[in-house]
Enquirer: 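Before we start, here is the structure in question, set down as structure tokens.
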There are 2 protein chains.
Amino acid sequence: MTVAKARPANRREQILREATIMFTAHGYDGMSIRGIAKCCGITESAIYRHFNNKEDLYESVIKRKAGQHDIKGTLAKNEGLDSIEDVLTFIAQDILDLASKNTQLMHLMFRSSFQSGPTALQLFMEIRLPYIEFLARELEFREKSGELQKVDPFTSSCCFVGMVMDCALNTGVWTTLTNQKFEAENVICNNVPIFVRGLMKSVVS
Amino acid sequence: MTVAKARPANRREQILREATIMFTAHGYDGMSIRGIAKCCGITESAIYRHFNNKEDLYESVIKRKAGQHDIKGTLAKNEGLDSIEDVLTFIAQDILDLASKNTQLMHLMFRSSFQSGPTALQLFMEIRLPYIEFLARELEFREKSGELQKVDPFTSSCCFVGMVMDCALNTGVWTTLTNQKFEAENVICNNVPIFVRGLMKSVVS
DNA sequence: AATAGGAGTAAACGTTTATTGACTTGGGGA
DNA sequence: TCCCCAAGTCAATAAACGTTTACTCCTATT
């Protein structure tokens with residue numbers, strides 16, 4: 001009496017989608033093969049036709065997400081911006097856009113960084129690192145050209161990107177925790193200028 | 001033949017200690033009653049003499065950690081610092097100190113914020129929020145007195161604290177990921193001045 | 001038309017999970 | 001001295017876990 005169900009075009013993709021949802025919501029130990037199977041409307045065994053084991057499935061989830069965004073590529077297209085203000089605004093805007101359109105990605109990045117294994121830092125490397133390296137290069141160049149104060153490009157870049165990432169991750173928290181409004185645009189309007197004034201040599205207030 | 005083991009002064013505290021280690025390392029689902037019991041040298045049932053269930057134990061872990069640090073209190077003792085530079089330096093130093101002396105706390109804070117339930121944001125509220133409110137008040141005061149540029153105190157404070165927290169959490173990551181050095185002192189030497197210059201009205205470069 | 005194999009099923013595997021129950025200590029107060 | 005009770009033990013529970021097995025479709029290729 002075993003009746004085969006309808007087979008969607010690519011089951012593998014569906015499983016990965018559901019597993020991603022599960023993992024972002026409950027973490028590795030909280031995502032169960034059973035639960036994912038149920039969400040897909042198939043049995044657990046069917047999942048093992050597509051993935052060797054749970055760890056394999058997990059790694060595939062991370063790799064898939066990493067493959068969905070080519071940060072390095074999009075950044076490369078935006079080299080040569082005029083002022084440092086443009087650069088910082090662009091980066092902040094880009095990260096906050098990415099985060100708001102793709103909440104999953106951010107949570108996945110932080111969750112996976114707590115996980116052990118080979119894919120622990122993959123999302124950090126493919127999402128966060130490109131931003132940092134991009135900004136660090138811009139800072140280094142502009143520092144040498146005399147536009148900026150004497151600062152350590154890498155540290156400054158890490159901090160700026162970290163600040164924006166932190167905002168992106170916690171926008172929801174602050175609005176529920178306090179009654180203050182705390183939105184992406186405010187961060188850009190408010191803090192990019194602070195950084196700009198702090199970085200530039202001559203200041204026009 | 002059931003022999004009762006030696007009973008340490010406060011077993012409860014020992015259980016909480018081991019559970020904290022387990023939770024910071026493996027998360028809620030990854031921390032097992034069995035594992036904790038084994039670490040304490042007792043049986044699982046013994047744990048249920050001290051806690052109603054796993055969730056109760058978990059909540060106790062969070063509450064205990066929250067009770068170990070009186071951020072609000074220590075901040076209150078440091079009101080009335082001279083310059084905004086002193087304020088920012090103090091905050092950054094304090095957070096990075098706290099983080100380096102108590103790595104657990106930071107990881108616990110982020111892990112718990114991903115968890116659902118009543119204690120989800122407790123550590124955020126008792127650790128992070130006091131810093132933000134403290135700095136926001138300082139900024140608001142100094143803005144009104146004309147010392148600072150026109151900025152939104154809350155947003156600026158959120159961002160600064162977020163930046164430092166992010167640094168504290170990821171210092172380890174960057175040093176292993178890149179060969180660049182990225183340490184607490186560098187962050188303070190480098191980024192506090194940037195913020196100061198960015199916030200102040202008149203700049204002495 | 002025959003067939004090979006990809007993709008599904010039901011059922012069971014052994015293990016681990018959180019939790020409970022019944023029993024046993026040992027030390028402090030009556 | 002007796003006895004109570006907090007804090008242990010051992011043993012058992014049902015449920016959930018990841019994984020494997022044996023079997024069955026459906027479909028594309030030959």
Side-chain angles (χ1 to χ4, degrees), chain A residues 1-62 64 111-112 115-119, chain B residues 1-62 64 111-112 115-119:
Chain A
M1 290 298 132
T2 66
V3 179
K5 291 267 182 69
R7 306 180 194 188
N10 53 355
R11 189 37 62 78
R12 191 187 152 88
E13 190 63 19
Q14 185 197 12
I15 295 172
L16 283 172
R17 264 203 317 274
E18 296 297 339
T20 305
I21 295 171
M22 277 280 185
F23 177 69
T24 54
H26 305 111
Y28 181 83
D29 290 297
M31 98 182 187
S32 77
I33 301 288
R34 259 190 186 78
I36 296 164
K38 194 164 279 181
C39 287
C40 294
I42 57 175
T43 54
E44 308 140 68
S45 335
I47 288 183
Y48 286 88
R49 295 282 167 206
H50 300 272
F51 302 94
N52 295 326
N53 47 42
K54 191 180 179 182
E55 199 138 338
D56 180 28
L57 170 56
Y58 166 69
E59 286 177 16
S60 302
V61 164
I62 300 297
R64 170 171 167 274
R111 276 230 128 104
S112 68
Q115 210 65 28
S116 60
T119 44
Chain B
M1 294 301 125
T2 65
V3 178
K5 290 268 183 68
R7 305 179 192 187
N10 50 356
R11 187 41 61 76
R12 193 187 152 89
E13 190 62 20
Q14 185 197 13
I15 296 172
L16 283 171
R17 264 202 318 273
E18 297 297 339
T20 305
I21 295 171
M22 278 280 184
F23 177 69
T24 54
H26 306 109
Y28 181 84
D29 291 294
M31 100 181 185
S32 77
I33 302 287
R34 245 194 195 79
I36 296 165
K38 193 163 281 180
C39 287
C40 294
I42 55 175
T43 54
E44 306 141 71
S45 330
I47 289 183
Y48 285 89
R49 295 284 164 202
H50 300 271
F51 303 94
N52 295 327
N53 48 42
K54 190 180 178 180
E55 200 138 337
D56 179 29
L57 171 56
Y58 166 69
E59 285 177 17
S60 303
V61 164
I62 300 296
R64 172 170 167 274
R111 277 230 129 106
S112 67
Q115 210 66 27
S116 59
T119 44

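Just so you know, these numbers use all the heavy atoms, side chains as well, and skip hydrogens, waters and symmetry mates. Reminder, nothing fancy here: chain letters follow the sequence lines and each chain counts from 1. The structure displayed is predicted, hence computed values, not measured ones.
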Enquirer: Can you tell me the distance, in whole Å, between the NZ atom of K54(B) and the P atom of dT19(C)?
Expert: 8 Å

Enquirer: With a cut-off of 6.0 Å (strictly less than), are more than 12 heavy atoms of other residues, nucleotides or ligands near CD of E55(B)?
Expert: no

Enquirer: From CG of L57(B) over to P of dT17(C), roughly how many Å is that when rounded to an integer?
Expert: 14 Å

Enquirer: If I take atom CG in residue D29(B) and atom P in nucleotide dC17(D), what distance separates them, rounded to the nearest angstrom?
Expert: 10 Å

Enquirer: Between Q14(B) and R17(B), does any side-chain donor sit less than 3.5 Å from a side-chain acceptor?
Expert: no

Enquirer: With sequence neighbours excluded, what pairs up with H26(A) under the side-chain contact (heavy atoms from CB on, under 4.5 Å) test?
Expert: M22(A)

Enquirer: Within this structure, what is the OH-to-C1' distance between Y58(A) and dG18(D), rounded to whole angstrom?
Expert: 17 Å

Enquirer: Whether T43(A) contacts dT9(C) is assessed here as follows: a side-chain N or O lying under 4.0 Å from the phosphate OP1 or OP2. Is that the case?
Expert: yes

Enquirer: Measuring to OP1 and OP2 of dT16(C), would you say a side-chain N or O of R34(B) lies under 4.0 angstrom away?
Expert: no

Enquirer: To the nearest Å, give me how far apart CD1 (I15(B)) and C1' (dA6(D)) are.
Expert: 13 Å

Enquirer: State which residues pass salt bridge (Lys or Arg N to Asp or Glu O under 4.0 Å) with R34(B); sequence neighbours excluded, sorted by chain then number.
Expert: E44(B)

Enquirer: Where along residues 44-53 of chain B does a heavy atom fall under 4.0 Å from DNA chain C?
Expert: E44(B), S45(B), Y48(B), R49(B), N53(B)

Enquirer: Q14(B) has an atom CD; how far is it from atom P of dG8(D), in whole Å?
Expert: 9 Å

Enquirer: Measuring from L16(B):CG to R64(B):CZ, what's the distance to the nearest 0.5 Å?
Expert: 5.5 Å

Enquirer: What is the distance from atom CZ of R111(A) to atom CD1 of I62(A), rounded to the nearest 0.5 Å?
Expert: 11.0 Å

Enquirer: Could you check how far CE of M31(A) sits from P of dT19(D), rounded to whole Å?
Expert: 10 Å

Enquirer: Whole Å only: how far is the CD atom of E55(B) from the C1' atom of dT19(C)?
Expert: 14 Å

